[in-house]
Trainee: 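Pasting in a structure now, in structure tokens, and then I'll have a few things to ask.
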There are 2 protein chains.
Amino acid sequence: MTKLPIPGKPVRGSQSGAPIMALFDLLGRRWAMGILWTLCKDGPCTFRELQERCGSISPTVLNTRLKELRQAGLVEHSGEGYRAKPKGIELYELLVPLGAWSKEWARMIGPEPNV
Amino acid sequence: MTKLPIPGKPVRGSQSGAPIMALFDLLGRRWAMGILWTLCKDGPCTFRELQERCGSISPTVLNTRLKELRQAGLVEHSGEGYRAKPKGIELYELLVPLGAWSKEWARMIGPEPNV
DNA sequence: ATCCGCTGCTACAATAATGGTAGCATTCGA
DNA sequence: TCGAATGCTACCATTATTGTAGCAGCGGAT
């Protein structure tokens, strides 16, 4: 309803106070990690190009996620479009190992029954 | 409506085919990373204890997430309760650096305005 | 000045996901 | 047989996400 809260803190969980849970709350939202990933991996781009890169993301959610990521200090919006800030790149670097791990994991649950 | 899909693939995104996006789709859900985190960090536990550890998670969602994590081969449900499987611990190990990073990050966006 | 295309972004309504409470069926020990 | 604990489901209210359409601003070409 056009509200787009983000008053300063996420509406959802993360009440435990632990920073890791606050981070999980930020990243544990639709497209959040994917946006950061493509922004770092494929470089800065415009709002609409980011839409295309992510596939089926709607502008409503993309705008919401970008606001959250900007507020988290991970992404910024300079004239040329959106780009990851140093802190966002740091986080991306930590996520990179997941890329390699996910390939093994995909082979594991792909062919195998998954029991 | 008692549906609890999980027919074999998540209903949400991850259509890009890239394993990392499939992983982001799995982990980018409410409580998913938190459940794996507490299960690895604080050890195996029962369904209800997991509820308490996670705070305000509802049994409906916890059950859904556990099904997804089990199907992903990251978690199993032995007689004594729930525990992380080797592959889940692997993933947890990759997330551990996020714990340290999140502490710096929390200090950064906490006191500071966050511009 | 006018039109065009691009930018980021919002309105609106429909659908899906999540939260919260109550409660079931089962097991185990007393 | 009774109570307590187990994993889990029904139900409904609330929130999040989707999908489509479109706005206002800007710069360049005409």
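The sequence lines fix the lettering, A, B, ..., with proteins before strands; numbering per chain opens at 1.
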Trainee: Go through A:Leu91 and A:Trp37 one step at a time and tell me if the side chain to side chain contact (heavy atoms under 4.5 Å, CB included) criterion holds.
Mentor: CA-CA 9 Å; A:Leu91 180 54; A:Trp37 183 271; over 6 Å; no

Trainee: Can you measure B:Ile57 atom CD1 to C:dG20 atom P for me and round it to whole angstrom units?
Mentor: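 From B:Ile57 CD1 to C:dG20 P: 10 Å.
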
Trainee: Checking contacts here: which listed nucleotide (C:dG8, D:dT17, C:dG20) is nearest the side-chain heavy atoms of A:Tyr82?
Mentor: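 Of C:dG8, D:dT17, C:dG20, C:dG8 is nearest to the side chain of A:Tyr82.
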
Trainee: Without decimals, in angstroms, what is the distance between B:Leu69 CG and D:dC8 P?
Mentor: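 The distance from CG of B:Leu69 to P of D:dC8 comes to 13 Å, rounded to the nearest Å.
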
Trainee: Does this structure show an ion pair linking B:Arg29 with B:Glu68, if we count only N-O contacts that are shorter than 4.0 Å?
Mentor: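 A salt bridge is present here (some side-chain N lies under 4.0 Å from a carboxylate O).
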
Trainee: Please state how far atom CD1 in B:Ile35 lies from atom P in D:dG7, giving the value in whole angstrom units.
Mentor: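 One finds 13 Å between P of D:dG7 and CD1 of B:Ile35, rounded.
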
Trainee: Please list, in numerical order, the residues of residues 40-50 of chain B that have a heavy atom closer than 4.0 Å to any atom of DNA chain D.
Mentor: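 DNA chain D contact set from residues 40-50 of chain B: B:Thr46, B:Phe47, B:Arg48.
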
Trainee: Where the side chain of B:Val61 is concerned, which of D:dT17, D:dC8, C:dG19 is the nearest nucleotide?
Mentor: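 It is C:dG19.
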
Trainee: Below the 4.0 Å mark, does C:dG8 have OP1 or OP2 next to a side-chain nitrogen or oxygen of A:Asn63?
Mentor: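 For C:dG8, OP1/OP2 do not have a side-chain N/O of A:Asn63 under 4.0 Å.
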
Trainee: Please state how far atom CG in B:Leu62 lies from atom P in D:dC8, giving the value in whole angstrom units.
Mentor: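 Rounded to whole Å, this separation is 9 Å.
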
Trainee: Under the side chain to side chain contact (heavy atoms under 4.5 Å, CB included) rule, what do A:Trp105 and B:Glu90 come out as? Steps first, then yes or no, please.
Mentor: CA-CA 10 Å; A:Trp105 170 71; B:Glu90 271 184 36; over 6 Å; no

Trainee: Can you tell me which residue among B:Ile57, B:Leu66, B:Leu36 is in a side-chain contact (heavy atoms from CB on, under 4.5 Å) with B:Trp31?
Mentor: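 The residue from B:Ile57, B:Leu66, B:Leu36 that satisfies side-chain contact (heavy atoms from CB on, under 4.5 Å) with B:Trp31 turns out to be B:Ile57.
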
Trainee: Mind calculating the distance between CG (B:Leu26) and P (C:dA17) to the nearest angstrom?
Mentor: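 Going from CG in B:Leu26 over to P in C:dA17 covers 14 Å.
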
Trainee: Given C:dT18, D:dC8, C:dT10, which nucleotide is nearest the side-chain atoms of B:Arg29?
Mentor: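 Closest nucleotide among those given: C:dT18.
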
Trainee: Separation of A:Gln51 atom CD from C:dC9 atom C1', in whole Å?
Mentor: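 So the two atoms are 10 Å apart, to the nearest Å.
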
Trainee: Donor-acceptor pairs under 3.5 Å, side chain of residues 42-49 of chain B to any protein atom, not counting sequence neighbours: which ones?
Mentor:
from, atom 1, to, atom 2, distance (Å)
B:Asp42, OD2, B:Thr38, OG1, 3.2
B:Thr46, OG1, B:Glu49, N, 3.1
B:Glu49, OE2, B:Arg53, NH2, 3.4

Trainee: For C:dT18, does either OP1 or OP2 sit under 4.0 Å from a side-chain N or O belonging to A:Arg30?
Mentor: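 For C:dT18, OP1/OP2 do not have a side-chain N/O of A:Arg30 under 4.0 Å.
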
Trainee: How close or far is atom P of D:dC26 from atom NE2 of A:His77, stated in whole angstroms?
Mentor: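 Answer to the nearest Å: 13 Å.
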
Trainee: So, does B:Lys67 get its side chain near the phosphate of D:dG7, meaning an N or O under 4.0 Å from OP1 or OP2?
Mentor: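 Result: no.
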
Trainee: When you check the phosphate oxygens OP1 and OP2 of C:dC9, does a side-chain N or O of A:Arg65 lie under 4.0 Å from one of them?
Mentor: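 The answer is no; no side-chain N or O of A:Arg65 sits under 4.0 Å from OP1 or OP2.
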
Trainee: For residues 62-91 of chain B, which residue pairs pass the ring pair (Phe, Tyr, Trp, His ring centres under 6.0 Å) check, not counting sequence neighbours?
Mentor: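 Listed once each, the pairs are B:His77-B:Tyr82.
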
Trainee: If only side-chain N and O atoms of A:Trp31 are considered, is one of them under 4.0 Å from the OP1 or OP2 phosphate oxygen of D:dA16?
Mentor: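 It does not, given that no N or O in the side chain of A:Trp31 lies less than 4.0 Å from OP1 or OP2 of D:dA16.
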
Trainee: Would B:Glu104 and B:Arg107 pass as an ion pair if we require N to O under 4.0 Å?
Mentor: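 Not counted as a salt bridge, because no side-chain N and carboxylate O are separated by less than 4.0 Å.
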
